[in-house]
A.B. asks: 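Take this structure, written in structure tokens, and hold onto it; I'll ask about it next.
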Amino acid sequence: MREVSVPRSSVRGVRLATWNVNSVRARLERVADWLKAGDADVVAMQETKCRDDQFPEDTFRELGYEVAHVGHSQWNGVALASRVGIEDVERGFPGMPQWGDPPAAEARALGATCGGIRVWSLYVPHGRDQQNPHMRYKLDWLARLRDAGREWLAADPQAEIALVGDWNVAPRDEDVWDMDFYADKTHVSPAEREAFAGVVGAGYADVVRPYAPGPGVYTYWDYKQLRFPKRQGMRIDFVLASPALAPRVRSATIDREARKGKNASDHAPVVVDLR
DNA sequence: ATGGTCGATTATCGA
């Protein structure tokens with residue numbers, strides 16, 4: 001599968017990261033600095049907030065990464081950057097529900113094989129609020145992802161698949177800073193948690209939590225209300241791994257440092273080291 | 001003070 005005979009990553013393992021960058025163009029300097037320091041081999045990005053023709057490919061290329069992107073205007077947009085190859089790029093997964101006018105509708109999922117691992121960069125619909133039709137779309141979207149994920153493993157139980165990104169679900173009470181605050185909002189409802197659990201039940205394990213246990217461990221902090229310095233966040237960014245991939249995990253970290261200072265994204269990168 | 005901040009695109013909307 002690998003095109004390079006002895007890539008550096010095969011000697012010291014593959015470092016896989018996911019990061020909701022909240023605009024790849026507004027964040028470009030910080031993303032580039034993070035790539036230089038972070039040594040990631042594969043980086044999934046979400047909320048790139050640009051069209052394909054606006055994606056700053058050259059900056060990534062200069063840093064040694066190939067890129068694939070799907071996006072539309074300011075909405076959503078997901079990307080993969082890889083220095084261990086990008087093959088078989090797919091925009092959207094089979095059965096993925098649509099919302100709004102294409103191509104915005106397809107800007108939530110990008111799959112590619114990177115260094116032998118099938119990586120999906122995912123931006124799960126937000127839901128907006130419990131009564132909004134967008135919530136139904138969110139739950140349907142996760143149900144279709146569950147079905148697709150189950151089929152991929154049925155076709156090849158040994159497949160090394162990573163489902164990574166911003167899931168817009170906090171699966172446990174400990175994953176939000178205050179359950180009362182979120183009681184009537186999105187991300188914590190039983191329906192949303194069941195939808196997330198459906199993907200886990202299809203065979204994909206959260207491989208980060210064992211290395212970054214809660215409570216009080218988050219991946220997102222609202223820009224407003226000084227949520228970050230007050231340590232009031234949510235854990236909503238996850239790396240889920242298939243049964244063949246999960247045992248390759250050696251460590252995982254949430255890079256809180258990247259949320260600090262000016263011009264930070266409201267999400268921190270999540271990093272997983274594979275053997 | 002029932003908001004407070006961002007980003008993309010153009011006075012809103014989404015997160």
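Numbers restart at 1 for each chain; the letters A, B, ... are given by sequence-line order, proteins then strands.
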A.B. asks: Does B/dC6 have its OP1 or OP2 closer than 4.0 Å to a side-chain nitrogen or oxygen of A/Ser23?
C.D. replies: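 The answer is no; no side-chain N or O of A/Ser23 sits under 4.0 Å from OP1 or OP2.
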A.B. asks: Using whole Å, what does the distance between atom C1' of nucleotide B/dC6 and atom CZ of A/Arg25 come to?
C.D. replies: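 Answer to the nearest Å: 15 Å.
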A.B. asks: A/Asp184 has an atom CG; how far is it from atom C1' of B/dT2, in whole Å?
C.D. replies: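 The distance from CG of A/Asp184 to C1' of B/dT2 comes to 14 Å, rounded to the nearest Å.
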A.B. asks: Whole-Å distance between B/dA15 P and A/Lys49 NZ?
C.D. replies: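 Distance check: A/Lys49 NZ to B/dA15 P gives 9 Å.
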A.B. asks: Between atom CZ in A/Arg227 and atom P in B/dC6, what is the gap in whole Å?
C.D. replies: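 To the nearest whole Å, that distance equals 14 Å.
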A.B. asks: Given B/dA15, B/dC6, B/dA8, which nucleotide is nearest the side-chain atoms of A/Asn76?
C.D. replies: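 The closest nucleotide is B/dA15.
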A.B. asks: Please measure how far the P atom in B/dG14 lies from the corresponding atom in B/dT10, and state the result in whole Å.
C.D. replies: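 Per the computed distance, 15 Å lies between those P atoms.
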A.B. asks: Kindly write out the residues that satisfy salt bridge (charged side-chain N to carboxylate O under 4.0 Å, His left out) with A/Lys260, not counting sequence neighbours, or none if the list is empty.
C.D. replies: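 Residues passing salt bridge (charged side-chain N to carboxylate O under 4.0 Å, His left out) with A/Lys260: A/Glu257.
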A.B. asks: Can you check the distance between B/dG7 and B/dA11, where both ends of the measurement are the C1' atom (answer in whole Å)?
C.D. replies: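 Between the two C1' atoms, the distance is 15 Å.
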A.B. asks: May I ask you to check whether A/Asn22 and A/His267 show a side-chain donor-acceptor distance below 3.5 Å?
C.D. replies: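 No - no donor-acceptor pair under 3.5 Å links their side chains.
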A.B. asks: Hydrophobic side-chain clustering at under 4.5 Å (ILVMFWY, transitive links): who's grouped with A/Val176? Put none if nobody.
C.D. replies: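 Answer for A/Val176: A/Trp177, A/Met179, A/Phe181, A/Tyr182, A/Val188, A/Tyr218, A/Tyr220, A/Trp221, A/Phe228, A/Met234, A/Ile236.
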A.B. asks: Rounded to whole angstrom units, what separation is found between the CG atom of A/Asn263 and the P atom of B/dA8?
C.D. replies: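 Going from A/Asn263 (CG) to B/dA8 (P), I get 11 Å.
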A.B. asks: Atom CZ of A/Phe181 and atom P of B/dT2: how far apart are they, to the nearest Å?
C.D. replies: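 From A/Phe181 CZ to B/dT2 P: 16 Å.
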A.B. asks: Which of residues 121-132 of chain A sit near DNA chain B, with a heavy atom under 4.0 Å from it?
C.D. replies: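 Contacting residues: A/Tyr123, A/His126, A/Arg128.
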A.B. asks: Give me each pair satisfying ring pair (Phe, Tyr, Trp, His ring centres under 6.0 Å) with a member in residues 29-55 of chain A, each pair once, sequence neighbours excluded.
C.D. replies: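 Listed by first then second residue: A/Trp19-A/Trp34, A/Phe55-A/Phe60, A/Phe55-A/His69.
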A.B. asks: Want to settle it: does A/Asp222 or A/Asn20 sit nearer the 5' end of DNA chain B, counting the closest nucleotide to each?
C.D. replies: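 Of the two residues, A/Asp222 wins.
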A.B. asks: Take atom CG of A/Leu226 and atom C1' of B/dC6, then tell me their distance rounded to the nearest Å.
C.D. replies: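 For the pair A/Leu226 CG and B/dC6 C1', the rounded distance is 14 Å.
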A.B. asks: Any side-chain N or O of A/Arg259 below 4.0 angstrom from OP1/OP2 of B/dC6?
C.D. replies: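 So the side-chain polar atoms of A/Arg259 never come under 4.0 Å of the phosphate oxygens OP1 or OP2 of B/dC6.
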A.B. asks: Closest-nucleotide mapping onto DNA chain B: is A/Asp166 or A/Lys224 further toward the 5' terminus? I mean the 5' end.
C.D. replies: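 Nearest nucleotide further toward 5': that of A/Lys224.
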A.B. asks: Can you pull the ring pair (Phe, Tyr, Trp, His ring centres under 6.0 Å) pairs that have at least one residue in residues 145-166 of chain A, sequence neighbours excluded?
C.D. replies: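 Pairs touching residues 145-166 of chain A that pass the test: A/Trp120-A/Trp152.
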A.B. asks: What pairs meet the salt bridge (charged side-chain N to carboxylate O under 4.0 Å, His left out) rule with one or both residues in residues 148-170 of chain A, with sequence neighbours excluded?
C.D. replies: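 Sorted result for residues 148-170 of chain A: A/Asp147-A/Arg150, A/Glu160-A/Arg248.
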A.B. asks: Please state the C1' separation for the pair B/dT9 and B/dC13 - nearest whole angstrom.
C.D. replies: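 The answer is 10 Å between these two C1' atoms.
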A.B. asks: Report the distance from atom CG of A/Asp266 to atom P of B/dA8, rounded to the nearest whole Å.
C.D. replies: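 That distance rounds to 12 Å.
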A.B. asks: Counting side-chain heavy atoms from C-beta on, which of B/dT9, B/dG7, B/dA15 comes nearest to A/Arg108?
C.D. replies: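 Of the candidates, B/dA15 comes closest.
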A.B. asks: For B/dG7, take OP1 and OP2 only and decide whether either is under 4.0 Å from a side-chain N or O of A/Arg27.
C.D. replies: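 For A/Arg27, the contact criterion (side-chain N or O under 4.0 Å from OP1 or OP2 of B/dG7) is met.
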A.B. asks: Would you kindly say whether A/Arg27 and A/Ser265 are connected by a side-chain donor-acceptor distance under 3.5 Å?
C.D. replies: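 No, because no side-chain N or O of A/Arg27 sits under 3.5 Å from a partner of the opposite role on A/Ser265.
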A.B. asks: Quick one: CZ on A/Arg235 to CZ on A/Arg209, what's the gap to the nearest 0.5 Å?
C.D. replies: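 Reported value, rounded in 0.5 Å steps: 4.5 Å.
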